[in-house]
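The structure under discussion appears below in the form of structure tokens.
Reminder, nothing fancy here: chain letters follow the sequence lines and each chain counts from 1.
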Amino acid sequence: MKDLKTIRGMPDLYDLDIERISRVENICMEVFKSFNYQEFRTPIIENKSLFQRSAGETSDIVQKEVYEFDDRNGETLCLRPEGTAGLVRALITNGLLSEEIKKYFYLGPMFRYERPQKGRKRQFFQAGVELIGEGSSKSDVEIILVGKTILDKLGINFCLEINYLGGEESLNSYRTYLREFLQENKDSFEEKLYSRLQRNPVRAIDSKDENIQKVIKDAKDITNFLTDEEKQLFAETVDTLDQLKVDYKINTNLVRGMDYYTGTVFEYTVDSLGAQNAVIGGGRYDNLIKELGGKDLPAIGFALGIDRLSEIISLEGKTKDVFIGYAEAKSVSYAQDIGNKLRLNNGSLVIENYLGNANVSKQLKKANSLGFKFVIIVGQEEQNTKIFKVKNLTQDEETTLNEVELMEFFNG
RNA sequence: GUGGGCGUAGCUCAGCUGGUUAGAGCGCUGGUUUGUGGUACCGGAGGUCGAGGGUUCGAAACCCUUCGCCCACCCCA
């Protein structure tokens, strides 16, 4: 039976789960398109080296969370752990980069080999946007607004946290400072932890570990290492958010897991998801495109956890419209004919043509338990007279209509 | 990778310090009701008690192993 199990952290999705997920997906797409972003689909499998070069060789994602395998000609491939690198690769591969501003979105499954817990699966679904070719605060603000619009439309209470990491030089001097600072406090950490922190010192500042927090709270924060120009850019972004009345919290401890982030970074968090409380995370990555071999273009984007959001939205009651039952078996085809006329007449209706063997009484029972609002029973009588009884299950009313009236009845 | 909790019907769970035939509610299904639902009543199906091994006269229960789920660390969306 082992071969009939799903892979750990990769559940089958159906019923309510998938209803929730597709509601989030639909709203994401709707909002992306309303901001005039274009859809992009890249393969789920890429060369592993792409992620080593983008997310970073030392990042946890690449070090221990990538599903990798050799294909038959010996290349090391992997299941994508995130979406940005693949999209940037595709823009370069297809020669789509120019001075013009480009706006793309994507949506699909990502894979990371992690211990599953609340809000964390091994196959999970992300939607994301990337705005390429604009480095000013205007683009920061737009990307932040796209995220906010989605969360608003989903009716979710959230908190926006932002920070500014600075460009390569600022970030490197901050890293150097942190390494030295950690070295001075080396005795406070275990060997293993210490070497991990040395490898990625910025990680220490948003650690939940009490021990680390106690030490790191005396360290200087990133703002001490930003250039005047960088401070100015961040101030512009923050000012614009104020003007637009977008609430935010500056969190100088906010850092991101991928090495490619520079400049503005942000996270939308919620409080009902336990430890995995980030539902949207993103930021500026002004060096990534160049480093992967493309033009030297600034860019900013975010990724959104579709399944995380799907866990916390409320689902409005879905309505199914018409259940068409039959009185005698030979009337089924006529019932299907009526059903299709109704569908052609109004494509947004959900119409079930009953195909089972239950009698009329059972059919009514089924229609009710399946959540249909109207029932039409079609039989010899209806076929002869072309007059139908439309039963409203919620109000216990029956309306008698001819075919033309029937079409009108369901036309709005 | 490290902790803690948990696997019994499709779902939510009960099942005492080991005791003979495995329980409830919900759902499903048949009937009361052969062209009209919701409520009610009566019946039915459905379980190698996660898997493998061990202890025992006897294991859903105790021990070991393993797989999975949940939560947290870590990491991140």
Over all strands shown, is [X] touching base, sugar-phosphate only, or nothing at heavy-atom distances under 4.0 angstrom?
X	answer
A:Glu381	base
A:Gly147	nothing
A:Asn359	nothing
A:Ala303	sugar-phosphate
A:Gln395	nothing
A:Glu328	base
A:Lys391	base
A:Leu393	base
A:Glu311	nothing
A:Gly274	sugar-phosphate

Could you tell me how far [M] sits from [N] if I compare only their [atom1] atoms? Round to whole Å.
N	M	atom1	answer
B:rC42	B:rC26	P	12 Å
B:rG5	B:rA9	C1'	24 Å
B:rA51	B:rA60	P	11 Å
B:rG43	B:rU33	C1'	16 Å
B:rG4	B:rU39	C1'	46 Å
B:rC13	B:rA72	C1'	25 Å
B:rG18	B:rG37	C1'	50 Å
B:rG50	B:rC16	P	14 Å

* So, does A:Asn163 use its side chain to make a donor-acceptor pair with the main chain of A:Leu254 at under 3.5 Å? -> yes

* **Side-chain donor/acceptor of A:Asn392 to backbone N/O of A:Thr394, under 3.5 Å** => yes

Could you give the [atom1]-to-[atom2] distance, from [X] to [N], as a whole number of Å?
X	N	atom1	atom2	result
A:Ile377	B:rG37	CD1	C1'	10 Å
A:Tyr326	B:rG35	OH	P	12 Å
A:Tyr14	B:rG10	OH	P	12 Å
A:Phe125	B:rA77	CZ	P	17 Å
A:Gln363	B:rG30	CD	C1'	17 Å
A:Asp15	B:rC28	CG	P	13 Å
A:Ile61	B:rC76	CD1	P	6 Å
A:Phe124	B:rC75	CZ	C1'	11 Å

Distance-only donor-acceptor test, [X] side-chain atoms vs [N] base atoms, 3.5 Å:
X	N	value
A:Arg308	B:rC76	yes
A:Arg120	B:rC74	yes
A:Asn368	B:rG38	no
A:Glu114	B:rG1	no

* State whether A:Arg53 and A:Glu291 are salt-bridged, where the test is any N-O pair (Lys NZ or Arg NE/NH1/NH2 against Asp/Glu carboxylate O) under 4.0 Å. => no

Parallel, tilted or perpendicular, as decided by the 30° and 60° cut-offs, for the rings of [Y] and [X]:
X	Y	result
A:Tyr177	A:Tyr174	parallel
A:Phe323	A:Phe372	perpendicular
A:Tyr285	A:Tyr260	perpendicular

Report yes if at least one side-chain N or O of [X] is closer than 4.0 Å to OP1 or OP2 of [N]; otherwise report no.
X	N	value
A:Lys366	B:rU29	yes
A:Arg8	B:rC69	yes
A:Gln276	B:rC76	no

Now, which nucleotide makes the Watson-Crick or G-U wobble pair with [N], with each of the two distances under 3.5 Å?
N	result
B:rG58	none
B:rG35	none
B:rA24	B:rU12
B:rC49	none
B:rG30	B:rC42
B:rG68	B:rC6
B:rG1	B:rC73

* Pick the nucleotide of RNA chain B nearest each of A:Ser369 and A:Glu82; which residue has the one closer to the 5' end? -> A:Ser369

* To do: Starting from the 5' end of RNA chain B, give me the residue, A:Gly379 or A:Gln126, whose nearest nucleotide shows up first.
  => A:Gly379

* To do: Might you confirm whether atom NZ of A:Lys214 has over 12 heavy atoms from other residues, nucleotides or ligands at distances under 6.0 Å?
  => no

* Got more than 12 heavy atoms from elsewhere within 6.0 Å of CG, A:Asp247? -> no

* To do: Establish, for the pair A:Arg112 and A:Tyr67, whether the NZ or CZ atom is under 6.0 angstrom from the six-membered ring centre and no further than 45 degrees off its axis.
  => no

* Among B:rA72, B:rC75, B:rG35, the one nearest A:Lys389 by side-chain distance -> B:rG35

